[in-house]
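As structure tokens, the structure follows; a few thoughts come after it.
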Amino acid sequence: MSKQIQPVRGMNDVLPAEIGAWQHLERVGRAVFEAYGYEEVRVPIVEHTQLFQRSIGEHTDIVEKEMYTFQDLGGDSLTLRPEATAGIARAAISNGLLRGARHKFWCLGPMFRHERPQKGRYRQFYQFDLEALGFAGPDVDIELIALSARLWRALGITRVRLMINSLGTVAARASYRERLQQYFRAHESELDADSRRRLDGNALRILDSKQPAMRALIEAAPLLTEHLDPESQAHFAGLRAGLDAVGVAYEVNPRLVRGLDYYSRTVFEWVTDALGAQDAVCSGGRYDGLITQLGGEATPAIGFAMGIERTVELMNQAGNAVPGVAPDIYIVASGERSEREAMRLAEQLRDALPGRGVLLNLGGGNFKTQFRRADRSGARLALILGDAELDRGVAAVKPLRRDDGQIECPLHELPARIAALL
Ligand code: HAM
């Protein structure tokens, strides 16, 4: 036998046993997003590599070492999207949607990052992504965060905490980056290899280092919040007051910098202690400069992305069972004539009872085997057809989840009788 083909490392199959939770999350998400006026968009999974270099930033982990980049047959450098914000901003520009207009978009789909796989961290993972384009905030910042808090409530997830910070304007951030560079350069011998590499590229990312040896140095580093421009200070104060007003609890974390370069002012992250090392479940922020940077007209914007796998894991841990989908009727038939009649009846019932699950026994088997399958399917009723019943123009209907006895029913009355029993 030839060797089995292996799945790609870090890329998962979502099987029927898990799909109930995924679909529940999708239903709840869609309902909440629509209630806040967000409209669904679907953008390509593949974009020009340049889009991500110019938006996420050349000196980020994602662009430096995690992108699935390839040359297509026409010689273009393309990349599997590592995130959705850049693609949605690009789509808004390409389709001429901005021009002073405002939009609230959401999308769901797979993202790709060549990270070291571990629990909660995959190379293909899914995100719910929300983007509000054309809103300067802080009202929309507050509303978007309140939306995310509502999602946790609707999903029964409680083990999450909200952290917020402000990165200031692009200019304030750039001067802070220089100040940080000076500070860390003065302590260069104490830096680990990763941080030394980040020193020239993006010194802000050093604040993200998880190395215990770096902790004291990072604790003593100058804080961005102390160097915020007055407008960003007012924006951040408005955000905090608004969150207080809508009753969303938060912690200000002055070291929350985010791993993508396009942010300015508000950044936030919902973290959990339930997923081990991967503590962020939902993260985002404001990116007022990104659309101009990509060649569009100046448009303030904010958004976030929620990791679907991590959220599903939190849902499972919260133990809120998501009901599986069981059929309503399982049709059992024995004998060639009955099997043919069963096929016709199944289609007739599907016409007469739209939305009801009608499962036809496939592949034959004696009555015992078929009843076992009917029971395992979770169906509420079994419909039994044998040649003897057919001769009399009837079928038997047997409730599978109640003790009520079996009844006999003329074939032409079946749809109405079954509808009454369900
Ligand atoms: P991000 O922080 O890179 O932000 O990712 C958002 C979320 O995606 C994370 O909080 C996490 O739940 C999930 N995630 C990230 N990487 C992985 C992975 N390798 N495996 C599993 N889950 C993962 C963004 O992507 C920004 N585009 C968010 C945003 C939208 N900012 C503004 N608008």
Side-chain angles (χ1 to χ4, degrees), residues 9-12 14 25 33 38 41 43 47 51-52 55-57 60-63 65-68 80-92 103-133 135 137 140-141 144-145 147-148 151-152 157 160-165 167 205 208 256-272 274-291 299-315:
R9 199 161 115 79
M11 305 207 179
N12 301 312
V14 183
L25 173 55
F33 306 153
Y38 282 76
V41 290
V43 293
E47 297 274 0
L51 172 68
F52 303 114
S55 54
I56 299 169
T60 56
D61 282 352
I62 297 180
V63 170
K65 45 187 192 190
E66 295 171 1
M67 296 208 300
Y68 283 88
L80 300 187
R81 64 179 181 198
E83 58 108 52
T85 311
I88 291 181
R90 198 265 319 129
H103 298 278
K104 288 172 165 179
F105 292 139
W106 72 270
C107 86
L108 166 67
M111 309 295 154
F112 302 84
R113 296 185 194 175
H114 197 274
E115 296 189 83
R116 199 166 42 78
Q118 52 173 255
K119 185 177 156 59
R121 186 165 72 196
Y122 309 108
R123 290 182 172 173
Q124 173 176 323
F125 59 96
Y126 284 73
Q127 282 183 346
F128 260 146
D129 185 88
L130 277 78
E131 310 292 352
L133 309 178
F135 301 85
V140 73
D141 311 30
L144 191 68
I145 292 175
L147 179 162
S148 60
L151 260 184
W152 304 131
I157 291 173
V160 284
R161 287 181 301 130
L162 172 65
M163 299 202 298
I164 61 171
N165 191 22
L167 300 182
R205 296 284 291 137
D208 259 356
L256 177 67
V257 289
R258 310 275 302 121
L260 303 92
D261 274 356
Y262 49 61
Y263 293 111
S264 54
R265 294 199 171 144
T266 307
V267 287
F268 63 97
E269 203 152 86
W270 287 93
V271 295
T272 179
L275 299 178
Q278 303 312 310
D279 63 352
V281 244
C282 173
S283 344
R286 178 160 282 289
Y287 50 94
D288 294 338
L290 177 64
I291 290 173
T299 309
I302 184 168
F304 73 70
M306 171 186 275
I308 299 287
E309 288 82 356
R310 294 181 191 179
T311 305
V312 165
E313 177 61 27
L314 289 182
M315 287 164 64

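Note that the numbering runs from 1 along the sequence shown for the chain. Both ligands and their constituent atoms are indexed starting at 1 by order of listing. Just so it is clear, the model here is predicted, and its values are computed rather than measured.
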Practice problem: Kindly compute the distance separating CD1 (I308) from CE (M111), expressed to the nearest 0.5 Å. | Solution: 9.0 Å

Quiz item: Numbering the atoms of ligand 1 from 1, which are under 4.0 Å from a heavy atom of Y263?
Solution: 26 (C), 28 (C), 29 (C), 31 (N), 32 (C)

Practice problem: Would you mind listing which atoms of ligand 1 come within a distance below 4.0 Å of any non-hydrogen atom of A280? | Solution: 10 (O), 11 (C), 12 (O)

Quiz item: What residue and atom, counting heavy atoms only, is the protein's closest point to atom 19 (N) of ligand 1, and at what distance?
Solution: E115 OE2, 2.6 Å

Exercise. Mind checking the CG-CE spacing from L25 to M306? Nearest 0.5 Å is all I need.
Key: 7.0 Å

Quiz item: Quick check: does E269 get an N/O under 3.5 Å from an N/O on ligand 1?
Solution: no

Practice problem: Identify, by atom number and element, the atoms of ligand 1 in contact range of E83, meaning under 4.0 Å from any of its heavy atoms. | Solution: 25 (O), 26 (C), 27 (N)

Quiz item: Going by heavy atoms, is R258 under 4.0 Å from ligand 1?
Solution: yes

Quiz item: Counting each atom of ligand 1 from 1 as listed, which ones have a heavy atom of T85 under 4.0 Å away?
Solution: 26 (C), 27 (N), 29 (C), 30 (C), 31 (N), 32 (C), 33 (N)

Quiz prompt | Reported CZ-to-CZ distance for the pair R113 and R123, which is rounded to 0.5 angstrom | solution = 13.5 Å

Practice problem: Measure the CZ-CZ distance between R90 and R81 for me, rounded to the nearest 0.5 Å. | Solution: 11.0 Å

Quiz item: Identify the closest protein heavy atom to atom 20 (N) of ligand 1: which residue and atom is it, and at what distance?
Solution: Y122 N, 3.0 Å

Quiz prompt | Y287/Y262 under ring-ring contact (aromatic ring centres under 6.0 Å, His included): CA gap, chis, key distance, verdict | solution = CA-CA 6 Å; Y287 50 94; Y262 49 61; 5.6 Å; yes

Exercise. Using distance alone, determine whether R121 and ligand 1 share an N or O pair under 3.5 Å.
Key: no

Quiz item: Where on I62 is there a heavy atom closer than 4.0 Å to ligand 1, on the side chain, on the backbone, on both, or on neither?
Solution: neither

Practice problem: Pull out every atom of ligand 1 sitting under 4.0 Å from any heavy atom of D129, numbered as shown with elements. | Solution: 30 (C)

Self-check item: Any N or O of V281 closer than 3.5 Å to N or O of ligand 1
Solution: yes

Self-check item: Protein residue, atom and distance nearest to atom 18 (C) of ligand 1, heavy-atom basis
Solution: F125 CD2, 3.4 Å

Practice problem: Evaluate the side-chain proximity of R310 to R121: yes if any heavy-atom separation is below 4.5 Å, no if none is. | Solution: yes

Quiz prompt | Option among V41, L130, D129 that satisfies the side-chain contact (heavy atoms from CB on, under 4.5 Å) test with W106 | solution = L130

Quiz item: Would E83 and Q127 satisfy side-chain hydrogen bond (donor to acceptor under 3.5 Å, both in side chains), going step by step from the backbone distance to the final call?
Solution: CA-CA 8 Å; E83 58 108 52; Q127 282 183 346; over 6 Å; no

Quiz item: For ligand 1, which atoms, with element, lie under 4.0 Å from some heavy atom of A305?
Solution: 6 (C), 7 (C), 28 (C), 29 (C), 30 (C)

Quiz item: Taking atom 24 (C) of ligand 1 as the point of reference, which of M111, M306, R113 owns the nearest heavy atom?
Solution: R113

Practice problem: Before accepting this row, confirm whether a basic side-chain N of the pair E269/R258 lies closer than 4.0 Å to the acidic partner's carboxylate O. | Solution: yes

Exercise. Find all atoms of ligand 1 within a distance of less than 4.0 Å from any non-hydrogen atom belonging to E131, and give their numbers and elements.
Key: 30 (C), 32 (C), 33 (N)

Quiz item: Considering only heavy atoms, which of C282, G120, G259, G307 lies nearest to atom 21 (C) of ligand 1?
Solution: G120

Self-check item: Shortest non-hydrogen contact from F105 toward Y38
Solution: O-CD2, 3.4 Å

Quiz item: So is Y126 in contact with ligand 1, going by heavy-atom distances below 4.0 Å?
Solution: no

Exercise. To the nearest 0.5 Å, tell me how far Y263 OH sits from S283 OG.
Key: 7.0 Å

Exercise. Identify the protein heavy atom lying closest to atom 6 (C) of ligand 1, giving its residue, its atom name and the separation to 0.1 Å.
Key: Q127 NE2, 3.3 Å

Quiz item: Do F33 and K104 come within less than 4.5 Å of each other through their side chains, counting heavy atoms only?
Solution: no

Quiz prompt | Distance filter under 4.0 Å to Y262 heavy atoms, resulting ligand 1 atoms | solution = 26 (C), 27 (N), 31 (N)

Quiz item: Looking only at non-hydrogen atoms, which of S283, P82, A301, G284 approaches atom 10 (O) of ligand 1 most closely?
Solution: S283

Quiz item: Tell me: protein heavy atom nearest atom 11 (C) of ligand 1, and distance?
Solution: R310 NH1, 3.4 Å

Quiz item: Atom CZ in F304, atom OG1 in T266: separation rounded to 0.5 Å?
Solution: 14.0 Å

